Each structure stands twice: as C-alpha cells, then as structure tokens.
Amino acid sequence: MNNAQIANLLLEIANLLELQQADAFRIRAYHNSARVVRDWGESLEDVVKQGRAIEGLPGVGRSTAEKIAEIVKTGTCQRLQELRAQFPAGLTELMQIPGLGPRRALMLHQKLGVSDRQALRAACLSHRVAELEGMGVKSEQKILEGLLMLDLAAGRMPYAEAAVHVQQIGEYLSHLPLIVRWEVAGSFRRRAETIGDLDILIEAGDRAAATKEILKYNLVANVIGQGAERLSVRLSSGLQVDFRFVEADSFGAALMYFTGSKPHNIALRRRAQANKWKLNEYGLFKGDTLIAGKTEPAIFRKLDLAWIAPELREDRGEIAAAATGKLPKLIEPRDIRGDLHAHTTASDGADDIATMARAARDRGYSFLAITDHSKAVRIANGLDEERLRRHAEEIRRIGATMRGFWLMAGVEVDILRDGQLDMDEKVLAELDWVIASVHSSMALGKDEMTARIIRAVSTGLVDALGHPLGRLIGKREPISFDAEAVFRACREHDVCLEINAQPDRLDLPDSLCIQARQAGVKFCLGTDAHRADELRFMEFGLNVARRAWLTAGDVINTLSPMQLRKRLRRATAKV
DNA sequence: GCCGTTTTCGGCCCGACTGTTTTCAGTCG
C-alpha cells in the first residue's frame, strides 16, 4: 500500500463524513492529512512495518496515525467500513459532479433512489430532479452538463497543454484596449503538474464592457457563471477559465489569493490573524483599514515574510522558511547550460546528431548528451554494442567541429528485468554519459523492483537513473520501489536522479525530489527530446525542480563543460 | 480531528455566485 493509496482512503473518509454532514473541521482535518500523506517522502507502509511511530507529519494526530497504521496492516479501517455501510457506494462519486455537494447528493438518493451516474442521468432526463425542493430546470441542466464533462475529459490537463491555452488567451486579452492588465494565477502560476482550470485576473476600467469583449473570444463555448467580480466560461476544448475582476489597489492580494494553494492561503491567513489582521482577496486589513494589497511583496513584507515563489506555495514549510530567511535560491532557466537526455535517428528520434547539436547550441547551451536507446528496446530501434560504438564515434566526430561545445557521447541503456544493464560493460565505460532506465517488466513487485534498480545503479557504470518512476501522467501508473533504499544507493554510487522534462512524464515528481535531495542525491535535467524542437521541454523540468526547492547547486546541468567532465571523471574513478 | 508565544479547550480562512428563494442554503475555490 503506497502513500497515494492511503491518502485516497483518507479522502474517502472525508467524503463520507461530508455525506454524514459531520463537523466541517473534522472533514477538513481528513482532507489535510490525505494531502500530507500523499506528498510525504517516506513510505508510511515501511514506517508502520518497521514498528516505528508515524510522527512528524503535520496535520496528522493520534487518531489519524492510528487509522493509517490500521490501513497499512489490513487494507482498510473500522471507521471507513462503518461509514461505507451507511451510504450506497456511488454517492461520493456523484459529489464529483460540479454543483452537487453532499446535501444534494444525499437528497437525490433519498428522494429518487439515485446512487450512480447512470441513474442520475436518467432522473434528469425524465425531469424528476427539477421537481425536488431547492432544485429546478437549471440545476437539472447543469447536472447533465457536468455528467457529460466527467465522461469527456477526465478533469485535469498537463501543464504544457494549459500553457498553449494561456498563450492563446493571453494574445487575445492583450489586444483588448479595455483591459489594463491581466495575469494568470492558480495552479498554472504555481506550475503544477496538471491544471484543473485557469484563473485569470483582470484589471479593467469598465467591467461590463470588458466582460462583453471577453465573451467575444471565439473559443468560448458556454458561460458557466457571470457576476460583478467573476466571469466563468468553458472553452470549446473543455477547459474552464475563471476571469476575476480586480481593482489596482487589490491586485497583489488577489494574485496571492487566487494563486493559492488553498492550504498555503489558510496558513497565511492564520498568520495575519495572529496579528489581529484579516487577509482576503482584497488586501491585508487592520480593522477596516487596508494596510497592504497593491503588490504581493508589500503584503509579504507586512506579514514579516520574504516573498515566496509561487512554485513553493504548497504549505510544505515555505512560510516558516520565509519567516526565518531560509527560502532556497531556486534554480532558474539561465542557470541551465546543457541538456542531458536526447535521442536521434540512430534509435527512435526524428532528427540526426548534427541537427540536435545545432539546436542545443542555438539555445545557448554548452553541452548536449546524445543518449539513444539500447537494443532491448526493439520497438525504438535500440543500438547493440557495435552500432553504439560507431554512433559514439560519429557523435565525437561532429562534436569536434563545434568549438566551445561538448557533444557528449552517451546512451540510455535499459535496466533488464534482473537489474543487469543491456550493454557490454566495456562499451559503457567508453562513453561520456550513461543513463539507465526501466522500460520493461514494469509491473514487478516492490522488493524485486527495488533490488533490480539498486543492482543497476551499483554497477559503477551509470551516471543517472532515467525517468525513475516510468509513469505517464494520467496514462500509466508509476513502477513500485522503495524510494529511500534506491536514493541511498544513488548517493553511494554517485548516480544522479533524472528529472525527465517530457510533459507527460515529469519524472521524478517534485515530492520525491524533495525526499531525494534530503538523502543527498544530485539531479540532472533531461528533455528526452526525440526531435530538436523538444529541447524546449526543459522549461517543464525546471518547473519540477523549482517546486522541489532545488537550487542550481543541486542540478548538474548548471555546471560548465569542464566542471561536468571533472565530476563525471571523479564518479568513474571511484569504480 | 488538530493544535498551542491567545490555548490541553475552544477555537479552526473567507468571500462570491447560483438557483431558488422572498432572506438563504448549497456549492465552490
């Protein structure tokens, strides 16, 4: 049972308590603990199995700790079973539909016997829902639309996809003379892995006129809500966009508020409250007097905090760090001097060596590692020893023509099922850079997988562990291994963990990077580019690194070619 | 259910919008 699974059961308890209309703070306590458990670096299953106490998790007290222990041991807990017995199974699922909360879900069940999506759709279509007290034709329509949405898009989209929307909307907004200023807030500004909807702040002289103009945007499919403060629309792509109208004097406060995250906001407000102040989307108030609101830095200053980068605003200790001057100096795009994962036509890439190298140099890089697949990945035309040798020669030949640029001869070698590397050791030892990755037997059990990876990173031939989880966001679950043990092995053998920047990988993810960093492991960023154009994915890898509190010193892509050579030689010398 | 420079009890962030209502409950972020 991994932390995410434990968190899901805690969330289910929270949802069922909502149905029960239990105390709201108790419900929130379960939501909080679920979030903390999901993000927690160490496997709680391991903690429990080793007989250690679950402690140090903020928001997890005695009661929840006991439940977690019970869940690990039995797969469920008494409290959850009792709650499940009280309500039909599908009810918490109904609460996922926009506009349906616990009360309405419960009413639908009690009055109409509805307990799953299908029955709900039927009830709407036969207009039985509209007849219920507090419901009407519009509610019914809204539920039907919500059901459609749930079937259509499974909710969140990858950050990279949202970024395309932001660019399009931004171009449109920037051409509206009525709009003085606009800014994207929300999870997009925090550069989260996936984005549920877009929150865009708008400063405009005439809100009504601005609303009209925005509604003329040709990608708006329908209006979800419209008021003096807010305009919510759905684009034809299914993406929900919330426009918030904001006064100049409140812009900073609104930016903070709508950037979130929610737990971060709550923590900030408590801090304001401790001073007998009030913090909301309009500003920081002492009584009725606005004492800060125009800019974010002004509000942070009043709260006696350093400005916190949006990527850190997840209530993971950033407020305490900001209060004590201990915020990290986060890695930035200009720190990156090269890319350490790229493919060419030699395996499954679309561009040849020279094209990839030129593209990297055009980005201002000082190095690029060419890392094509090894022979086990047949479908990707993986290289055998002989082809890899010739390929490396060709890489070096082209590299020699490029002044001030290190074209690294590397490989992405497969970690076979038993942990052996899919390439002769001699050939690997001749290369500049070796990434080892799991591409097969991904369903292996946790113990076997852990042993497999540790064996591979302990060969002394590996520089980096590629896309360690092997997950594809929303498509493929991560492989299962003991992260602490693997990280320890990586540190001992001087193996970097890759942050793979492909938009649907983002692997390692931020929470595990935080844990790995604490274990003393270094990181490398790689776009895993399969065409020259994909070198731009570096941006997405940087998002992960920043969300993981990483500095330039944690990431070896910030080294100069000479420093990098030195570091890699040292690693090899240890063998 | 959690938590403690206001606290081991009694608080717990705060406001907008919708749909159905005549003053508000439910939902959302």
Side-chain angles (χ1 to χ4, degrees), chain A residues 10 13-14 17-37 54-55 57-68 77 79 94-108 129-143 145-146 185-188 190 195-201 207 211 223-233 240-246 250 253-254 256-285 315 319 323:
Chain A
L10 292 174
I13 294 178
L17 283 172
E18 271 200 83
L19 281 172
Q20 211 186 36
Q21 289 160 43
D23 175 59
F25 295 107
R26 177 175 299 183
I27 294 166
R28 202 171 78 197
Y30 275 106
H31 274 125
N32 275 340
S33 57
R35 174 179 61 88
V36 170
V37 165
I54 295 170
E55 53 190 359
L57 278 75
V60 176
R62 218 182 83 185
S63 165
T64 308
E66 279 170 6
K67 288 186 180 69
I68 292 172
C77 74
R79 186 90 177 86
L94 293 189
M95 287 164 55
Q96 308 305 313
I97 297 162
L100 280 193
R103 306 213 178 222
R104 285 182 173 170
L106 203 59
M107 179 172 71
L108 286 167
V129 172
E131 288 164 9
L132 295 174
E133 200 175 331
M135 300 283 239
V137 183
K138 287 204 172 176
S139 312
E140 205 170 67
Q141 198 54 39
K142 220 165 190 175
I143 291 171
E145 282 168 19
S187 52
F188 186 82
R190 299 200 312 278
I195 308 297
D197 57 19
L198 288 179
D199 294 290
I200 300 180
L201 306 190
R207 292 184 178 187
T211 299
V223 178
I224 299 167
Q226 191 174 344
E229 306 287 328
R230 196 178 90 190
L231 168 65
S232 278
V233 304
Q240 181 175 332
V241 186
D242 295 338
F243 297 93
R244 317 269 176 167
F245 292 104
V246 178
S250 297
M256 269 173 96
Y257 178 85
F258 290 112
T259 297
S261 65
K262 198 169 165 182
H264 171 89
N265 283 350
I266 289 174
L268 273 184
R269 284 179 173 170
R270 294 178 81 129
R271 192 173 173 89
Q273 217 181 24
N275 285 326
K276 303 256 191 270
W277 296 337
K278 190 175 73 173
L279 178 62
N280 59 28
E281 59 263 55
Y282 300 107
L284 182 61
F285 293 89
D315 192 26
I319 293 172

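Quick caveat, the model's predicted, so the values are computed rather than measured. Reminder, nothing fancy here: chain letters follow the sequence lines and each chain counts from 1.
- The gap from the C1' atom of B/dT6 to that of B/dG10 amounts to 11 Å, rounded to the nearest Å.
- Closest to the side chain of A/E281, out of B/dG15, B/dT20, B/dT27, is B/dG15.
- Residue A/R103 has a polar side-chain atom (N or O) positioned under 4.0 Å from OP1 or OP2 of B/dG26.
- With both ends at atom C1', the span from B/dG29 to B/dT23 equals 24 Å, rounded to whole Å.
- Side-chain atoms of A/R190 come within 3.5 Å of backbone atoms of A/T259 as a donor-acceptor pair (strictly under, hydrogens ignored).
- Of the side-chain N and O atoms in A/S139, none sit less than 4.0 angstrom from OP1 or OP2 of B/dG19.
- The CD1-C1' distance, from A/I224 to B/dA16, rounds to 15 Å in whole Å.
- Of the candidates B/dA16, B/dG29, B/dG1, the closest approach to any side-chain atom of A/Y282 belongs to B/dA16.
- The nucleotide whose nearest atom lies closest to any side-chain atom of A/K67 is, among B/dG29, B/dG1, B/dT27, B/dG1.
- With distances taken from any side-chain atom of A/A29 to the nucleotides B/dT18, B/dC17, B/dG1, the minimum falls on B/dG1.
- Checking B/dA16, B/dG19, B/dG1 against every side-chain atom of A/E229, the shortest atom distance belongs to B/dA16.
- At a cut-off of 3.5 angstrom, the base of B/dG29 holds at least one donor-acceptor pair with the side chain of A/Y257.
- For the pair A/T211/A/F243, no side-chain contact is recorded, criterion being any heavy-atom separation below 4.5 Å from C-beta on.
- Rounded to whole Å, the C1' atom of B/dC3 lies 9 Å from the corresponding atom of B/dT8.
- Across the protein-nucleic acid pair, A/E133 atom CD and B/dG26 atom C1' stand 13 Å apart, rounded to whole Å.
- When rounded to the nearest whole Å, the span between CD1 of A/I97 and P of B/dT27 equals 12 Å.
- Taking the side chain of A/P102 as heavy atoms from C-beta on, and the options B/dG1, B/dT27, B/dG19, the nearest nucleotide is B/dT27.
- Atom pair A/N265:CG and B/dC12:P shows a separation of 17 Å (rounding to whole Å applied).
- Residues A/S187 and A/G196 approach most closely at OG-N, 4.2 Å, considering heavy atoms.
- Smallest separation of non-hydrogen atoms from A/L17 and A/R79: CD2-NH2, 3.5 Å.
- At least one side-chain heavy atom of A/I13 sits less than 4.5 Å from a side-chain heavy atom of A/C77.
- Atom P of nucleotide B/dC28 and atom CD1 of A/I27 are separated by 13 Å, given to the nearest angstrom.
- In this structure, A/K262 atom NZ and B/dG15 atom P are separated by 15 Å, rounded to whole Å.
- Taking side-chain N and O atoms only, A/T64 has a distance below 4.0 Å to OP1 or OP2 of B/dC2.
- Nearest to the side chain of A/K278, among B/dG1, B/dG15, B/dG19, sits B/dG15.
- Between the C1' atoms of B/dT21 and B/dC17, the separation comes to 14 Å (whole Å).
- Listed nucleotides B/dA16, B/dC12, B/dG1 differ in distance to A/R28; the shortest reach to its side chain belongs to B/dC12.
- Distance from the side chain of A/K138 is smallest to B/dT20 among B/dG29, B/dC14, B/dT20.
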Residues 94-107 of chain A, side-chain donor-acceptor partners within the protein, below 3.5 Å, at least two apart:
residue : atom : partner : partner atom : Å
A/Q96   : NE2  : A/T92   : O            : 3.1
A/R103  : NH1  : A/Q21   : OE1          : 3.3
A/R104  : NH1  : A/G99   : O            : 3.4

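- Only the P atoms considered, B/dT27 is 13 Å distant from B/dT20, to the nearest whole Å.
- Distance A/H31 NE2 to B/dC2 C1': 16 Å, rounded to the nearest Å.
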Anything under 3.5 Å between a donor and an acceptor, one on a side chain of residues 30-37 of chain A, the other on a protein residue two or more places apart or in another chain? List them.
residue : atom : partner : partner atom : Å
A/Y30   : OH   : A/K67   : NZ           : 3.3
A/S33   : OG   : A/A29   : O            : 3.2
A/S33   : OG   : A/Y30   : O            : 3.0
A/R35   : NH1  : A/E314  : O            : 3.3
A/R35   : NH2  : A/D315  : OD2          : 3.3

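- Spacing between atom CG of A/L132 and atom P of B/dG19 amounts to 16 Å, rounded to whole angstrom units.
- Distance from the side chain of A/Q273 is smallest to B/dC14 among B/dC14, B/dG1, B/dC17.
- Of all nucleotides present, only B/dT18 satisfies the Watson-Crick or G-U wobble test against B/dA25, with each distance under 3.5 Å.
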